[in-house]
Amino acid sequence: MDVTQIGTVLAIVVITYLIGLGVKSVSEIKDEAIPVIAGVCGGILGIVGMFAMPDFPANDILNAIAIGIVSGLASTGVNQVWKQAKKQ
């Protein structure tokens with residue numbers, strides 16, 4: 001993956017971040033489930049990205065799923081960095 005492909009992965013991070021915010025607003029879902037939901041959604045978006053984006057950094061399903069899951073989990077990390085920065 002080179003620098004020009006970061007935008008495709010960043011799109012998955014942003015989308016899963018927004019999904020996580022939406023899930024957080026549902027009181028029946030525990031906060032511990034949000035990273036799992038973001039990871040699963042990221043995996044699905046990774047598959048979609050492989051077929052929809054010509055410069056997606058994966059050429060096979062397993063790598064697309066892995067990139068999507070890591071991107072989804074990264075979105076929860078971004079959320080935690082933001083929360084910790086606001087505390088200080």
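Hydrogens, waters and symmetry mates play no part in the numbers below; they use all other heavy atoms, side chains included.
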Hydrophobic cluster membership, with links at side-chain heavy-atom distances under 4.5 Å among I/L/V/M/F/W/Y: are I19 and V70 in one?
no

Taking all heavy atoms of F56 and all of G49, pick out the closest pair and write down the distance.
CB-O, 3.5 Å

Closest non-hydrogen contact found for I34 with G20 is CG2-CA, 4.1 Å

I need the minimum non-hydrogen distance between L45 and I15, along with the two atoms involved.
CD1-CG2, 3.4 Å

Rounded to the nearest 0.5 Å, what separation is found between the CD1 atom of I67 and the CD1 atom of I12?
7.5 Å

All heavy atoms of A58 vs all of M50, minimum pair found to be O-CG, 3.6 Å

Under 4.5 Å between side-chain heavy atoms, counting indirect links through other Ile/Leu/Val/Met/Phe/Trp/Tyr residues: same cluster for V78 and L21 or not?
no

What about L73 and V48, same hydrophobic cluster or not, with Ile/Leu/Val/Met/Phe/Trp/Tyr joined at side-chain heavy-atom distances under 4.5 Å?
no

Are I47 and I69 linked, directly or through intermediate hydrophobic residues, by side-chain heavy-atom contacts shorter than 4.5 Å (ILVMFWY only)?
yes

Rounded to the nearest 0.5 Å, what separates atom OG1 in T16 from atom CD1 in I44?
11.5 Å

Under a single-linkage definition using a 4.5 Å side-chain heavy-atom cutoff for Ile, Leu, Val, Met, Phe, Trp and Tyr, are V26 and V23 assigned to the same hydrophobic cluster?
yes

Indicate the atoms forming the closest heavy-atom contact of A38 with S75, along with that distance.
CB-OG, 4.0 Å

